[in-house]
Amino acid sequence: MSFLTAFVRSLPSIWDGIQITVLATLLGALLALVLSFVLGLAARSRHLLVRGLARAVVEFFRGTSLYVQLFWLFFALPILGFKLVPLACAVLAFGLNYGAYGSEVVRGALAAVPRAQWEATVALNMTPWQRMRKVILPQAWPQMIPPFNNLLIQLLKSTPLLSLITVSDITFQMDQLRSATGDTKAAYLVLLVIYFVLAYALTLCMNGLEALGKARLGQGRA
Amino acid sequence: MLTDNPARKTSVSPVSTAVTFDQVVKRYGDHTVLDHLDFEVRQGERVTLIGPSGSGKTTILRLLMTLERVTEGVIQVNGQPFSGLPEKQLRRARRHIGMVFQQFNLFPNMKVLDNITEAPVQVLGLSRDEAAERARDLLDLVGLADKADVHPTRLSGGQQQRVAIARALAMRPDILLLDEVTSALDPELVQGVLDVLRDIAQATDITMLCVTHEMGFARDISDRVLMFDGGRVIESGPPERMFSEPEHERTRDFLGAVL
Amino acid sequence: MLTDNPARKTSVSPVSTAVTFDQVVKRYGDHTVLDHLDFEVRQGERVTLIGPSGSGKTTILRLLMTLERVTEGVIQVNGQPFSGLPEKQLRRARRHIGMVFQQFNLFPNMKVLDNITEAPVQVLGLSRDEAAERARDLLDLVGLADKADVHPTRLSGGQQQRVAIARALAMRPDILLLDEVTSALDPELVQGVLDVLRDIAQATDITMLCVTHEMGFARDISDRVLMFDGGRVIESGPPERMFSEPEHERTRDFLGAVL
Amino acid sequence: MWDWHTAREGLPLILHGFGITLLATALGSLVAIVLGLVIAVLGRAPTRWVRLPLRAVVEFVRSTPVMIQLFAVWVLAPGLDPLTIGIVVLGLHYAMYTSEVYRAGIDAVPRGQWEAAVALSLPPIRTWWGVVLPQAVRKVIPALGNYVISMFKETPFLSVITVNEMVHEANQFGSDNFAYMEAFTIAAAIFLIASYPTSMLMRKLEKRLAH
Amino acid sequence: SRTEVGTGAPTGDSDLLAKLRKQGYVRVGFAGEAPYGFKDGNTLAGEAPTLHKEIFKALGVPELRPTLTDFSSLIPGLAADRFDVVSAGMAITPDRCAKVIFSEPEFVSPTALMVRKGNPKQLTDLKSAAAKGSTVGVLTAAVEADYATAAGVPGAKVRALAKQQDGLDALVAGRIDAFALTSISLRWLAKTNSGADVQVLDPFLPVLHGTKQYSPGGAVFRKDTDSLRDAFNTQLKKITADPARYTSLIGRYGFTKAEVPPASLRTAELCKA
Ligand SMILES: Nc1ncnc2c1ncn2[C@@H]1O[C@H](COP(=O)(O)OP(=O)(O)OP(=O)(O)O)[C@@H](O)[C@H]1O
Ligand SMILES: Nc1ncnc2c1ncn2[C@@H]1O[C@H](COP(=O)(O)OP(=O)(O)OP(=O)(O)O)[C@@H](O)[C@H]1O
Ligand SMILES: [Mg+2]
Ligand SMILES: [Mg+2]
């Protein structure tokens, strides 16, 4: 079977695969983003317990590989009596793993906001929450975006691990096509292009966000 | 530049103390910055702190603003002890105090008007409109009525510092702390900021604690000058006397180098 | 502070020009900073540039140091055209010029001595020992002989600035550019740096171009003061005349605010 | 559910795989750390004939899966030993990330430092080597550490090109003995034990270099 | 996301078949490996799904709900109750029998080697590969690795590959000298890669622990679902006892009368270590 015919025939599955990949990436990234902030803020808490806990969670999920985490969530957890649908496993594993990395980004960016800004908020008597929300985070945000972008692309590229847990992502679908046609070159070339397009779209979005955040700080083009 | 303001000085009859430092010690590690420091500032008084670099002037203001914690001793504000309070009460106590920083520290993520209205809205619970009105009055006072919708990064240093003063005043503090508010400015811009502060000193009864190297300004607005060295007040008095006939040799040396 | 130095002034007989600006234009985007600027500095002359903030004083020094490129016109140094050279020749030409920055810009990854010896070793090809000897002499000159093996971050601002001066001098430049070398310093530390510069001015024949707000210093060491505004020299003359009877109103206003 | 005996049996095999994982990570990191620096420096080249193509390569390599890159090289260069390919490709892939890290570090070196170097007529090589890089690299060491850890955990991809690294061994052992739970738990524990000290070290460095 | 607390413990009830009948479908796991179980366009195809569809229809379960997954995830997925049966033509081995239960053999599949066209190393079987120092590719977590080791191929010369296509690509690229797999798989692989310079050698029976390996494959069930397995076996037997029906069902996937399992070959025996 020629690659092209097979490709056209399996377009529906490829489209499914792309959707799965994008869905897992976005949901995973969303959870990771939330966790990044929760863990990143907790890591700066004044309470030793909160700090220690956040630290432990971060070290644990950063320290074990995503592959192993997925395996645990999918295969081991049901034996213990909890069964998550595959996509939920994926989102949870991506969220925890990249959330742990992201929390370091958040922590670093918050630390990079000049201390003087924090002092100004104290002098204006804002509550800790107001300080964070109104002054510190808006300034830290543009700094976080480039490293977040790196993480997002890494997350996108981790989605092939999904085939381990019965979710057929785009890599898996293209692999099927590759087996069916024996045309490794064409299949992988298409796959490279798909990933590049997806990743580049993400990069463009992130660049846009960064420019927006910087404009709000009066940096760059207003 | 040395026009005095006899009107205000006679109208003030200071009765109660605004700030009391009682045997205050501040150490960083084993480096003692303030060494059993004692002094008082009466309500409505304008006090200037002078002294060599590293003598602890900034530290005093930062302790008052609760940006640092005292190592020993007690600070009182309006007769209430102020050090060692839990965060919540601290926040209530802090309301009486405003501070203007050497580096302005405006929030770059907000326009000028929002810089001024943010705290009144968030902390005092004013409505946005009320706060904006108050902010516009203050911008008028500092001569920047037309810059309300500009980003602070687009302003000159002198303009930024005047916005910072307006921001501090928007909280209607009883006590205003000023830490070398002109030393980051170009010489030509210094005058504008000092003029604004002089106007405020004349128009209100606010208690002021200034750290400055502008001796003209110190002479001009202050009721009293405190000379610091070695973590203590080594000399204090009205500016006329301090500048013309300093008692301590250290004060004489210092003034000789700076004036 | 206003002691003149008649000895040096008479000994100099300036024959050739060290620096020539010939119809120099510098634009950033559509903002013209220097507008067909013309001026000359003779060899051995000490010139001070004054003018309001943003008038382009720093830009002139940066153009000379080739940190910026001219938009139009020609700059000559020691009679050689200097602008628009390819990088390699530029590097050779640049050797005649040394610059001291407002923010010192010492290399934090090198000790004080290495900061000073780095360029002589790398650029002039001196041996480490030779360079170190020269550096120690210079450290002596600026009063920091004991700080050779310290990291610059451990020094006070005034000390850092003196190291920066020594570093520039270690290259034995013909022309020394000084951009507000005291304005980042605490008032008490200013004097030490100015004293060092005055010593150098007296001891050598180096051509100096200073931007400064220290009018006392300008009066003290300079042969000529240039007043800038709107991208041009609006007035120039010996400091005595400039400070006592400025011709232009702009100069008068400026000096009124700064002095 | 959990069988200690099986776990003990699997440990030596998995540890053997860990040796390869460690080797690949160590050498791969070296490639990434050196090459990333080179890319970052070239990214500042004065001509855009260097900058733009470089940018395109970085963007492309960073955006596409390392698994396919490994496979492609493995198939296209049959003479090369798989482990070598793994180290080079993994290192190259991560060099794209580290180059961004270095770039940030270089950008963070104050402009004044460059200008001081110009004012002293330092030649470009010396400016980079003596002034800029020592300052830039110091700042980014903690961030680089992150990528070393994350490369460590991406070594399982090497199994695609028949390198028997740790997760492969765990997988093999798991399927041979149907002891996936034991096998993967051991692998997870080894990952954790190995990366925790690294990340401690990084925090220490971060604190030391921060001031 | 959905969490079902408490359903994780495998539903080992004898009512599983009843439950399947009631819900009208059975969840099957497959690995996307032609010709055993794979997706052809959008339909489930291959040896196992075709047989299983026939069998489950006879059992009153009309629909197969497929889950595509990695081969190495099949048994863990079954254990974790992700599906009820594995339709992947999985080889019946004692090791696997310790964790799951197998149906009676659905087919036998002697092993074969795929080599570059012209068979430059003159290989015949794994023993010859061992003798000639050839590098042999096998699939990760598949039985051929054990066959190769038993035939004397040193561990360093056995290369584990993730996928069949990887094996062919490795062979073409010169990474391996031979690719060991069931003759059925290899024939199919050669068919899809009709342009590739490879050939499949004649099948042989590898020897493991002194016995010849027929490499029989079957359906896989969770340990405590014997009654479902037994019901399955009854229907399977009807097909395997009728070679004409057998080949008409799965002949197009390369299964001939030669692949019909001999009646003497019993899973119970195969599972004995
Ligand atoms: N966070 C800190 N940790 C350690 N030492 C500190 C810290 N903050 C200030 N110091 C030290 O405390 C002393 C007093 O500092 P302070 O800033 O109050 O001086 P200052 O009188 O305001 O000087 P300047 O005129 O230079 O602003 C200095 O020696 C300084 O080094
Ligand atoms: N890189 C740049 N891009 C755009 N504009 C610039 C740049 N550098 C300087 N300028 C502008 O050029 C003008 C002259 O700047 P310059 O620094 O030379 O002034 P100056 O006389 O040294 O002022 P000051 O006394 O404040 O140091 C200013 O208006 C400044 O905003
Ligand atoms: Mg201070
Ligand atoms: Mg300037």
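A note on names: the letters A, B, ... follow the listed sequences, proteins ahead of strands, and every chain is numbered from 1.
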**Request:** Would you sort out whether A:V135 and B:M110 count as a side-chain contact (heavy atoms from CB on, under 4.5 Å), showing the intermediate values?
**Result:** CA-CA 8 Å; A:V135 176; B:M110 302 176 193; 3.9 Å; yes
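- Proximity to chain A at a heavy-atom threshold of 4.5 Å picks out B:R91, B:R94, B:R95, B:I97 from residues 90-97 of chain B, in numerical order.
- For B:F39, the CZ atom counts as densely surrounded, since its 6.0 Å shell holds more than 12 non-hydrogen atoms of other residues, nucleotides or ligands.
- Distance CZ/B:F107 to CD1/A:I136: 7.5 Å, rounded to 0.5 Å.
- Scanning residues 113-122 of chain A against chain B with a 4.5 Å non-hydrogen threshold yields A:R115, A:A116, A:Q117, A:W118, A:E119, A:A120, A:T121, A:V122, sorted by number.
- Residues of residues 60-69 of chain B having a heavy atom under 4.5 Å from any heavy atom of chain A, listed by number: B:R62, B:M65, B:T66, B:L67.
- A donor-acceptor distance shorter than 3.5 angstrom exists from the side chain of B:N109 to the backbone of A:K134, with no hydrogens or angles considered.
- B:R167 CZ to A:L124 CG: the interatomic distance, rounded to the nearest 0.5 Å, is 5.0 Å.
- Counting heavy atoms of neighbouring residues, nucleotides and ligands inside a 6.0 Å radius, atom CD of B:E133 does not exceed 12 of them.
- Between the side chain of A:Q130 and the main chain of B:Q122, a donor-acceptor pair closer than 3.5 Å is present.
- With a 4.5 angstrom heavy-atom cutoff, B:L177 does not touch chain A via any of its atoms.
- Contacts of residues 25-59 of chain A with chain B at a heavy-atom distance below 4.5 Å are absent; not one residue qualifies.
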